[in-house]
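Below you'll find the structure, written out as structure tokens, and then a few comments.
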Protein chains: 2
Amino acid sequence: MSSTLKDIAEKTGVSVSTVSRVLHDNTKKYKISEETQTRVKQAAKEIGYRVNALARGLRLQKTYEIGIIVPDIANPFFSAVIKSLAGELRQRGYNFIVYDSDEDIAIERSAIKSLLEKRVDGLVIASVGQDYSHIQKIRDAGIPLVMVDRCFDALDVDSVSVDNVKGSLLAVDHLIKEGHHRIAFIQGLPGTYANETRLQGYKSALYAAGISIDEQLIVGDDFRSHNGYLKTKMLLKLLDPPTAIFTAGDLIALGTLEACRENNISIPGDLSLITFDDPDFASYLSPALTAVEQPITKMAEMAVAMLYNRMKNPDDERTKILLEPKLNIRSSVTRISSVTNITQIMKTETIKE
Amino acid sequence: MSSTLKDIAEKTGVSVSTVSRVLHDNTKKYKISEETQTRVKQAAKEIGYRVNALARGLRLQKTYEIGIIVPDIANPFFSAVIKSLAGELRQRGYNFIVYDSDEDIAIERSAIKSLLEKRVDGLVIASVGQDYSHIQKIRDAGIPLVMVDRCFDALDVDSVSVDNVKGSLLAVDHLIKEGHHRIAFIQGLPGTYANETRLQGYKSALYAAGISIDEQLIVGDDFRSHNGYLKTKMLLKLLDPPTAIFTAGDLIALGTLEACRENNISIPGDLSLITFDDPDFASYLSPALTAVEQPITKMAEMAVAMLYNRMKNPDDERTKILLEPKLNIRSSVTRISSVTNITQIMKTETIKE
DNA sequence: CTAATTAATGCAATCCTTTGCACAAAATAT
DNA sequence: ATATTTTGTGCAAAGGATTGCATTAATTAG
């Protein structure tokens, strides 16, 4: 079906080696006569020759492919990350293969298996989290790898992510400054890097403000919108409901919006909302969402640069980079009066005792 | 670095063939003794063996990879399509490689080149449009191919897309029923299948209602949000601005929302808005967007089924499938009084003469 | 006890490309 | 005219896996 170097060789009467050299050896290391060159090129075009990347990769032990794994392609945050990574990689002459682990660590494992079988030259992984033994194996096997967004503090691997703790601090501090004391946190998948660090930021902010932590207000179990929907409904049913909700991801916030709409709760009138992640559509939502933005382009740029460096210098020391988040204040948070605050605090105390 | 069948063979003292058969021949066509099997499997595990997909693909002339090309990964519509395709493919034991053509036909071409070099078993393409000579070549080369969403009427290739004309009719009819006569259309990339068919639906609806077409109200040149933003600003500056806008894609609608917000135009108070594509967040926008929904899951399901069939039966007749769109009425369209209508019509007439 | 099966494994070709080394012919130097 | 260098090209191995055919040893049949 598809033609090979051999076909061209037969057609032009030269050897396969010569054909290969004409078509791919940009170096003039081998001196092929002008005449042969044109004859071969001509034949290649006529016959519609296309190099076989499998054979080449096999021979060269290099594929110019990078594997990318994210927990959810359809999540605007990750699709933006992929898009940025793709641009960076293309510039450097690399292609990429994306896998969607669907927030499932078993799929993540099998994705890694597939990619390694394909002999990709490197990996960029936004891990589901929870466990890192499989990632550790990749590193130990000496395969270039960088983790983005979702990484592991305890694992010594190149990584670039946003300072999640700081992002949460920014968000919760803002709520506190606006007079909120009863602030709920709807988390993503527990045990996950992104989640634990964001939770930590939430707790620190409350602690720093002298607000005691109410475990009832920490709910949720994954990054999907349905989680936001369900948990918001639960929070609203509390005897002493929160005056503000901080969600760990954009999709969760969408679920919260849906629940509020159904229950005729006005945001920010009745409830303030702030979320981690700042997708393109955040400012067009009703109301425009106050959100913590992550520097996606920067993240992709650095990830590729780090991967590139790791491929060149396998023995460099590994680095973990933390980028600065940014709080974009829009209109989903309202100031509440200090009178209310005091009542709130008293209420909280009462429950606590 | 990574181990091969040969390593295992040496370690266990059997031949490479035997190792291969133990590890991959699920058929019991060759009878390998239980003892050898366990010895080989054991060694493979110890040594961390991993098949080389390049070598296997080369030998088998089959890679179990499907190439996917879309114009914009970050567009929620396409990322949803990819996600659905991915699920379908995985079920059938296929992997996939995604490329983002960035709405650029040159990148699309080079993506196709790359994928064919990798010897993918089939292709799913949402083409940029404009030209199809490169697609025709794939078909003529006998490579299994199905087009989704963006296809070509004039090209005989398996394809599945939504009935765009009907979708536009649904949208514009709805506007007309709500009393609108001055309806603008902000298009996507001209020359594109999706765009031309949607435009056609828009025109037919107006024609059927006896409303003359005002070329001033047909604007726009790509599917990005910036296009929506710019063109909305222009439309608003018209002496006789539209009372409703119909946008050819979700991102365009986002741009329109932004422009309206900046100009203090209330939707649907001052202007009604309806869009093609219905992303998850459409119902949470301000206002909740009335939108034409495409059956994405169905589309992916059928695309994979068709591709699968084409791989099995290369000579079957090719089919073009059109799926039904659905209008989701929310709150971005308002009814306008017939008095206004008449004035509007008169104004239009005046300009026309 | 010989002939015919069956069980268990190995040989070697094939898939396609790349590249170090060898070699013949032509050009240049001595 | 001989020795040396340069040009232009081919040979063959390597990269890893698969599989039809061949082969040997062990069983079973007759």
Side-chain angles (χ1 to χ4, degrees), chain A residues 1-41 43-44 47-65 113-114 116-121, chain B residues 1-41 43-44 47-65 113-114 116-121:
Chain A
M1 179 96 355
S2 65
S3 52
T4 69
L5 291 181
K6 200 172 158 202
D7 298 331
I8 301 178
E10 279 163 9
K11 197 170 173 182
T12 53
V14 299
S15 75
V16 172
S17 338
T18 302
V19 177
S20 171
R21 294 200 258 253
V22 170
L23 297 180
H24 303 297
D25 251 350
N26 37 10
T27 71
K28 287 291 161 255
K29 182 174 161 194
Y30 299 92
K31 0 224 161 174
I32 311 284
S33 70
E34 282 298 327
E35 197 241 324
T36 310
Q37 291 202 28
T38 49
R39 272 223 336 278
V40 168
K41 280 179 185 157
I47 212 171
Y49 174 75
R50 180 167 281 138
V51 45
N52 184 321
L54 301 171
R56 163 180 276 182
L58 182 59
R59 176 65 231 249
L60 259 36
Q61 300 288 75
K62 173 138 179 102
T63 56
Y64 294 94
E65 305 268 352
K113 179 162 166 275
S114 262
L116 295 185
E117 287 180 354
K118 292 188 215 317
R119 299 314 199 246
V120 292
D121 292 340
Chain B
M1 177 96 353
S2 65
S3 52
T4 68
L5 292 182
K6 200 173 158 198
D7 298 331
I8 301 179
E10 278 162 10
K11 196 170 173 183
T12 53
V14 299
S15 74
V16 171
S17 336
T18 302
V19 177
S20 170
R21 295 200 258 250
V22 170
L23 297 180
H24 303 299
D25 250 351
N26 36 11
T27 70
K28 287 293 162 250
K29 181 174 162 193
Y30 299 91
K31 0 224 159 174
I32 312 285
S33 70
E34 283 297 328
E35 197 240 325
T36 310
Q37 291 201 27
T38 48
R39 277 228 327 283
V40 168
K41 280 178 185 158
I47 211 171
Y49 174 75
R50 178 166 281 138
V51 324
N52 184 320
L54 300 172
R56 164 179 276 183
L58 181 60
R59 175 63 233 247
L60 259 36
Q61 300 288 76
K62 169 129 182 114
T63 55
Y64 293 95
E65 304 269 352
K113 179 162 167 275
S114 264
L116 295 185
E117 287 180 354
K118 292 188 216 316
R119 298 314 199 247
V120 292
D121 292 340

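What you see is a predicted model, and the numbers here were worked out from it, not measured in a lab. By convention in this document, chain letters (A, B, ...) are assigned in the order of the sequence lines, proteins followed by strands, and residues within each chain are numbered from 1.
- Among D:dT18, C:dT18, C:dT9, the nucleotide with an atom closest to any side-chain atom of B:T36 is C:dT9.
- One finds a side-chain N or O of B:S33 lying less than 4.0 angstrom from the OP1 or OP2 phosphate oxygen of C:dT9.
- The nearest whole Å value for the distance from the CG atom in B:L54 to the P atom in C:dT17 is 14 Å.
- Applying the 4.0 Å criterion to OP1 and OP2 of C:dC16, one finds that B:Q61 has a side-chain N or O inside that range.
- Ranking C:dT9, C:dT18, D:dT18 by closeness to the A:L60 side chain, first place goes to C:dT18.
- Taking only distance into account, the side chain of B:R59 never meets the base of D:dG15 through a donor-acceptor pair shorter than 3.5 Å.
- What separates CD of A:E10 from P of C:dC16 is a distance of 12 Å, to the nearest Å.
- Both B:R119 and B:E34 lie near DNA chain C, and the one whose nearest nucleotide falls closer to the 5' end is B:E34.
- Residues A:K11 and A:R39 have side chains not in contact (no heavy-atom distance under 4.5 Å, counting atoms from C-beta outward).
- Note: CG (A:L58) to C1' (D:dT18) measures 13 Å, nearest angstrom.
- A donor-acceptor contact under 3.5 Å is formed by the side chain of A:S17 with the base of D:dC11.
- Atoms CD1 (A:I8) and C1' (C:dT17) sit 12 Å apart, rounded to a whole Å.
- Between B:L5 atom CG and D:dT19 atom C1' there is a gap of 13 Å when expressed in whole angstrom units.
- Atom P of nucleotide D:dT18 and atom CD of A:E117 are separated by 10 Å, given to the nearest angstrom.
- Listed pair A:Q37 / D:dG8 fails the phosphate criterion, with no side-chain N or O lying under 4.0 Å from OP1 or OP2.
- Between A:E65 and B:K118, at least one side-chain N (NZ, or NE/NH1/NH2) sits under 4.0 Å from a carboxylate O, which counts as a salt bridge.
- At a threshold of 4.0 angstrom between heavy atoms, the contacts of B:V14 are confined to the sugar-phosphate backbone, with no base atom among them.
- Listed pair A:Y49 / C:dT17 meets the phosphate criterion, a side-chain N or O lying under 4.0 Å from OP1 or OP2.
- Side chain A:R39 to base D:dG8: no donor-acceptor pair is found below 3.5 Å.
- Among the nucleotides D:dA17, D:dG16, C:dG20, the one closest to the side chain of B:V51 is D:dA17.
- Considering only side-chain N and O atoms, A:S20 lies under 4.0 angstrom from the phosphate OP1 or OP2 of C:dT18.
- Using a 4.5 Å heavy-atom cutoff, the side chains of A:V40 and A:I32 are not in contact.
- At D:dT18, one or more side-chain N or O atoms of B:R56 fall inside 4.0 Å of OP1 or OP2 (strictly under the cut-off).
- Taking NZ from A:K6 and CD from A:E10, the interatomic distance works out to 5.5 Å, rounded to the nearest 0.5 Å.
- As rounded to whole Å, 10 Å separates atom C1' of D:dG8 from atom CZ of A:R21.
- Dashed line: the shortest gap from a side-chain N or O of A:S15 to OP1 or OP2 of D:dC11 is not under 4.0 Å.
- Here the closest non-hydrogen pair linking A:G57 and B:L54 is C-CD1, 3.7 Å.
- A:S20 places no side-chain N or O within donor-acceptor distance of the main-chain N or O of A:V16, the cut-off being under 3.5 Å.
- Rounded to an integer number of Å, the gap from A:K62 NZ to C:dT18 P is 15 Å.
- Of all nucleotides listed (C:dT17, C:dC15, C:dT18), C:dT18 comes nearest to the side chain of A:H24.
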